[in-house]
Protein chains: 2
Amino acid sequence: MEPKTNITELNVSDFAMAFEELTRIFIRMPSIEKLSFTTLSVLHTLSLRSPMRLSELIATEQVTQSAMTQLVIRLERDGLVERRPDPSDGRAVLVRITPQGAKVIDSRRTERIMQIGKLMERLTPEERTSIASALPALTRLAELGND
Amino acid sequence: MEPKTNITELNVSDFAMAFEELTRIFIRMPSIEKLSFTTLSVLHTLSLRSPMRLSELIATEQVTQSAMTQLVIRLERDGLVERRPDPSDGRAVLVRITPQGAKVIDSRRTERIMQIGKLMERLTPEERTSIASALPALTRLAELGND
DNA sequence: TAAATTATATCAGTTATTTATATAAATGTC
DNA sequence: GACATTTATATAAATAACTGATATAATTTA
């Protein structure tokens, strides 16, 4: 088991460092719709899964219940989300993203893709191919991370 | 030029989506030293490059001058950074990370690497190899993004 | 030398977060 | 079914974190 662990450990550290650096860059790329980290994160999560309960958002976003309640109230005020009582549980609230909220995420994503595209153009064809080859594995890694 | 653009565009969109998902997961992995996004980002930036001027941090972190000044004052209060006048410019302040501040970043990184390692173990050897093969290209992409 | 620009501190207000408290709905126990 | 416990969320008070505005001093430019 040990040789396998050593190989994995070496790849992981390098991978993590590269990923860290790319994250640092990509996360700041969009110049539009600059909202707070948690706001963008909530909208992003809701764009993937909607509606969600407050309690679910508290778990995914790792903030306190109070913070999430107040943030969602503000987002509702600004038209980015809407809140409805959960018909299956009288205590709960369902939060869904509005088209306006979705547009925030979509427009930022579009700009980021455009800018990453420009960087990609400056890679060699071999480099681009190696990234494309790793894409299924990266996608799989994300799936594992969501389990 | 067009066929090349189309190929690049296809890869970029898929890559961006996969990256987005991985970012969402990785950024929340560490369970220790949970500080605010900008706080962690400032410490991370200072761990790569130290010392930096306030004005440089304002640019890299994309917050207002006032926000950065106040944040750095709080970080200094908490022992995570230290401030010194810049000997080459009487108006400027140099900010450097303290060992305590560096420990925040290092310990979170260590935990993240450990957890990514666990996910990696669940990939096939082929999947791991494809990611390792793409690593130089990803690293290069990061360099391009820092230009 | 004076004007313009740059660098940063501070203030006042809003947003964003925490802890604490409260209320009601749902679930568990007997 | 009654009561205890847990769950879900709203609200209050305080601090952190952000913005725009203002101020001061150092540096650069004309």
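Heavy atoms only: backbone and side chains are in, while hydrogens, waters and symmetry mates are out. If you're wondering where the values come from, they're calculated on a predicted model, not measured in any experiment. A note on names: the letters A, B, ... follow the listed sequences, proteins ahead of strands, and every chain is numbered from 1.
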* Check whether any side-chain N or O of R83(A) sits under 4.0 Å from OP1 or OP2 of dA10(D), and answer yes or no. => yes
* To do: Over all heavy atoms of both residues, which pair between R112(B) and E20(A) is shortest? Give the atoms and the distance, please.
  => NH1-OE1, 3.6 Å
* Between dA10(D) (C1') and R77(A) (CZ): distance, integer Å -> 17 Å
* OP1 or OP2 of dT9(D) sitting under 4.0 Å from any side-chain N/O of S55(A)? -> yes
* Does the side chain of Q100(A) pick up a donor-acceptor pair with the side chain of D78(A) at under 3.5 Å? -> no
* Asked: Is R128(B) salt-bridged to E121(B), cutoff N-O under 4.0 Å?
  -> no
* To do: Would you mind reading off the distance between L80(A) atom CG and dT15(C) atom P, rounded to a whole angstrom?
  => 13 Å
* To do: Using only heavy-atom distances, determine whether the side chains of E126(A) and S130(A) contain a donor-acceptor pair under 3.5 Å.
  => no
* E111(A) and S107(A): side chain donor to acceptor below 3.5 Å -> no
* For DNA chain D, which residues in residues 61-72 of chain A have a heavy atom at a distance below 4.0 Å? -> Q65(A), S66(A), T69(A), Q70(A)
* Interatomic distance where CG belongs to L40(A) and P belongs to dC18(D) [whole Å] -> 13 Å
* To do: Determine, for D106(A) against R109(A), whether the closest basic-nitrogen to carboxylate-oxygen distance falls under 4.0 angstrom.
  => yes
* Please determine, for the side chain of V93(B), which listed nucleotide (dA10(D), dA8(D), dT8(C)) has the closest atom? => dT8(C)
* **Nucleotide dA8(D), atom P - distance to CG of L57(A) in whole Å** => 13 Å
* Examine the side chains of E143(A) and T139(A) and answer whether a donor and an acceptor come within less than 3.5 Å of each other. => no
* To do: Write down the distance between CG (L35(A)) and P (dC18(D)), rounded to a whole number of angstrom.
  => 14 Å
* Same apolar cluster (I L V M F W Y, side chains within < 4.5 Å links), L43(A)/F19(B) -> no
* Specify the separation, in whole Å, of atom CE of M52(A) and atom C1' of dT9(D). => 16 Å
* To do: Return the value, rounded to whole Å, for the distance between atom CG of L54(A) and atom P of dT17(C).
  => 14 Å
* For dA16(C), does either OP1 or OP2 sit under 4.0 Å from a side-chain N or O belonging to S36(B)? -> no
* Asked: Between T38(B) and E61(B), does any side-chain donor sit less than 3.5 Å from a side-chain acceptor?
  -> no
* Structure fact -> When rounded to whole Å, the CD1 to P distance for the pair I58(A) and dT19(C) reads 13 Å
* To do: Give a yes/no answer on whether the side chain of R74(B) brings an N or O atom under 4.0 Å of OP1 or OP2 in dA17(D).
  => yes
Could you go over nucleotides 24-28 of chain C and give all protein N or O partners under 3.5 Å, atom names and distances?
unit_1, atom_1, unit_2, atom_2, d
dA25(C), O3', G90(A), N, 3.3
dA25(C), N3, R91(A), NH1, 3.4
dA26(C), OP1, G90(A), N, 2.6

